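Values reported hereafter were calculated over all heavy atoms of this structure, with side chains retained and with hydrogens, waters and symmetry mates removed. Throughout, a chain's letter reflects where its sequence line sits, starting with A, and its residues are numbered from 1. The shown structure was predicted, so the numbers you read here are calculated from the model rather than taken from an experiment.
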Amino acid sequence: MTHRTDATSQTSARAQRAPSPPAADPRTLAEVQRAIIAWFADAARDLPWRRPGTTPWGVLVSEVMSQQTPMSRVAPRWSAWMAAWPAPADLAAASPAEVLLAWDSLGYPRRALRLQECARTVARDWGGELPRDEAALLALPGVGAYTAAAVASFAYGRRTAVLDVNVRRVLGRVFAGRAHPSAALSKAEARWAGALVPERAHVEFNAGAMELGALVCTSRSPACERCPVAVHCAWLAAGRPADPAAQQKRAQAWEGTDRQLRGAIMRVLREAHASEAGSGAAGTGAAGSAPAGSSDAPGGASTGVPEALLTAPTAQLDAEALDGLPNPVRAAVLRVRELGDGERVQRLAGDLVSDGLAVRGTAGELCLP
DNA sequence: AACACGGGGGT
DNA sequence: ACCCCAGTGTT
């Protein structure tokens with residue numbers, strides 16, 4: 001299957017510093033563009049935000065949810081989210097707790113907070129309508145180079161280069177013969193990618209290049225036999241050489257990390273909030289449908305958990321209070337205690353508060369904001 | 001430029 | 001077990 005890299009490794013190692021411009025004649029360029037557009041017309045997945053009638057705001061929401069997140073996980077959440085908050089003003093009016101509850105376990109919950117900040121900015125500064133200008137989009141919270149370009153292209157039909165990891169991989173393989181894109185997107189890379197976007201059907205080209213990278217030209221096991229541009233692909237022609245530079249990126253740890261423990265604490269807060277707000281339908285992580293109406297914590301009623309239950313030494317733990325917790329909350333609390341000692345939990349809880357993902361109540365409880 | 005930041009599913 | 005995912009913001 002994979003081919004040895006011996007004969008070519010010297011020359012390919014040389015070429016990886018500079019993002020080589022598309023070493024292709026205009027005829028090849030046009031052919032690649034046409035092939036991707038034609039392939040996309042047939043192979044495009046039926047994603048909810050590709051349905052007619054999706055607003056620019058809906059496109060933005062789908063892009064933010066999709067950051068570092070497979071779309072199979074995004075689709076159901078997007079539908080529930082847009083049903084609850086169709087327009088920026090709707091999201092702006094929600095409480096952060098509702099927003100984090102609806103985000104559920106999509107990951108990187110700060111994205112949810114930024115998306116709401118974004119909605120509030122749009123409501124306040126843009127009359128509730130997303131700006132069309134890419135630079136203005138880029139200035140919004142949670143919107144970086146990729147998302148600004150994606151919205152400009154997919155929502156507003158602007159001719160701009162949309163460079164996510166999929167597109168970078170496809171272009172890098174076809175034109176530069178490189179198996180994997182570098183860690184960071186360079187200016188030069190963006191420049192020649194921009195030159196590649198066709199004048200006509202650029203939306204279809206952008207979406208198609210992403211789709212091709214997601215479905216065929218995948219990172220791990222590309223299906224070159226199904227690839228519409230295989231005949232033009234420099235990487236395939238070279239025998240699909242491994243990438244010498246991509247070796248030593250350390251496998252990302254998960255067990256025992258702060259991220260894992262933070263996530264467990266966030267789950268406690270979601271479960272606690274859900275079990276108190278609507279005792280009706282609160283399942284494990286199933287934020288599900290409409291986060292209806294109120295987040296009003298009447299008086300001083302806590303919608304969180306006593307922080308001591310997360311941090312106290314086992315000997316001093318109030319076992320009775322722990323037993324009194326609703327099942328999903330107790331399970332989440334036990335998980336936190338299994339993952340980290342009290343000191344670490346306390347430190348990370350403080351981080352969460354600093355990040356705006358949690359608040360401390362007057363009675364020593366930790367809650368969603 | 002290098003890190004931190006979730007979580008789940010594919011191989 | 002390891003890899004990857006429609007990235008962004010901070011240091």
Please determine, for B/dG6, whether a Watson-Crick or G-U wobble partner exists with both distances under 3.5 Å, and give it or none.
none
Start at the 5' end of DNA chain B and walk down; is the nucleotide closest to A/Ser72 or to A/Ala184 reached first?
A/Ala184
Using atom types as modelled and distance alone, determine if a side-chain donor or acceptor of A/His273 lies under 3.5 Å from a backbone N or O of A/Arg270.
no
What interatomic distance, in whole Å, is found between C1' of C/dG9 and the corresponding atom of B/dG8?
24 Å
Heavy-atom nearest nucleotide on DNA chain B taken for A/Leu348 and for A/Ser221; more 5' hit belongs to A/Leu348
Please classify the nucleic acid contact of A/Thr147 as base, sugar-phosphate, or nothing, using heavy-atom distances under 4.0 Å.
sugar-phosphate
Choose from B/dG6, C/dA6, C/dT8 the nucleotide whose nearest atom is closest to any side-chain atom of A/Pro109.
B/dG6
With no angle test and no hydrogens, is the base of C/dG7 tied to the side chain of A/Ser66 by a donor-acceptor pair under 3.5 Å?
no
Roughly how many Å apart are B/dC3 and C/dA6, using the P atom of each and rounding to a whole number?
24 Å
What is the distance, rounded to the nearest whole Å, between atom CG of A/Asp104 and atom C1' of B/dG6?
12 Å
Counting the atoms with a prime plus P, OP1 and OP2 as sugar-phosphate, which does A/Arg168 contact under 4.0 Å by heavy atoms, base, sugar-phosphate, or nothing?
nothing
State whether A/Ser219 places a side-chain N or O below 4.0 Å from either non-bridging phosphate oxygen (OP1 or OP2) of C/dC4.
yes
Note, A/Val165 side chain near A/Tyr146 side chain (heavy atom, < 4.5 Å)
no
Nearest-Å distance for atom pair CH2/P, residues A/Trp254 and C/dA1:
17 Å
Kindly say whether, by distance alone, the side chain of A/Arg259 makes a donor-acceptor pair under 3.5 Å with the base of B/dG6?
yes
Take the protein atom CG of A/Leu352 and the nucleotide atom C1' of B/dC5, then report the distance between them rounded to whole Å.
11 Å
Rounded interatomic separation in angstrom, taking CG from A/Asp258 and P from B/dC3
15 Å
Selection from B/dG8, C/dA6, B/dG10 that lies nearest to any side-chain heavy atom of A/Ala214:
C/dA6
Look only at the side chain of A/Gln116 and the backbone of A/Ala94, and say whether a donor-acceptor pair between them is shorter than 3.5 Å.
yes
For a quick check of understanding: with a heavy-atom distance under 4.0 Å over all strands, which category does A/Leu47 fall into, base, sugar-phosphate or nothing?
base
Calculate the interatomic distance between A/Arg220 atom CZ and C/dC5 atom C1'; express it in whole Å.
12 Å
Using the P atom in both, what is the distance from B/dG9 to C/dT8, to the nearest Å?
24 Å
Is the phosphate of C/dC5, meaning OP1 or OP2, less than 4.0 Å from a side-chain N or O of A/Arg169?
yes
Touch class at under 4.0 angstrom, heavy-atom based, for A/Val165 against every strand present
sugar-phosphate
May I have the distance from A/Trp103 (atom CH2) to B/dG8 (atom P), rounded to whole angstrom?
14 Å
Hydrophobic cluster membership, with links at side-chain heavy-atom distances under 4.5 Å among I/L/V/M/F/W/Y: are A/Val359 and A/Leu100 in one?
no
Give the rounded distance in Å between these two atoms: CG of A/Leu137 and P of C/dA6.
21 Å
Does A/Arg262 make a side-chain N or O approach to OP1 or OP2 of B/dG6 shorter than 4.0 Å?
yes
With nearest nucleotide decided by heavy atoms, which residue, A/Pro141 or A/Asn166, maps closer to the 5′ end of DNA chain C?
A/Asn166
Donor-acceptor contact below 3.5 Å, side chain A/Arg169 vs main chain A/Cys217
yes
Under 3.5 Å: donor-acceptor pair, side chain of A/Asp90, backbone of A/Ala87
yes
Does a nitrogen or oxygen in the side chain of A/Gln68 sit under 4.0 Å from OP1 or OP2 of C/dG7?
yes
So what does A/Gly107 hit on the nucleic acid, given a heavy-atom distance under 4.0 Å: a base, only sugar-phosphate, or nothing?
base
Under 4.0 Å between any heavy atoms, over every strand shown, what does A/Arg335 touch: base, sugar-phosphate, or nothing? Just pick one.
nothing
Can you find an N or O donor on one side and an acceptor on the other, under 3.5 Å apart, linking the side chain of A/Arg110 with the base of C/dG9?
no
Find the distance A/Phe205:CZ to C/dA6:P and express it as a whole number of Å.
17 Å
Under 4.0 angstrom, heavy atoms only, what part of the nucleic acid is A/Val143 near: base, sugar-phosphate, or nothing?
sugar-phosphate
Classify the nucleic acid contact of A/Ala183 as base, sugar-phosphate or nothing, counting any heavy atom under 4.0 Å across all strands shown.
nothing
Point-to-point distance, once rounded to the nearest 0.5 Å, from CH2 of A/Trp235 to CZ of A/Arg178:
11.5 Å
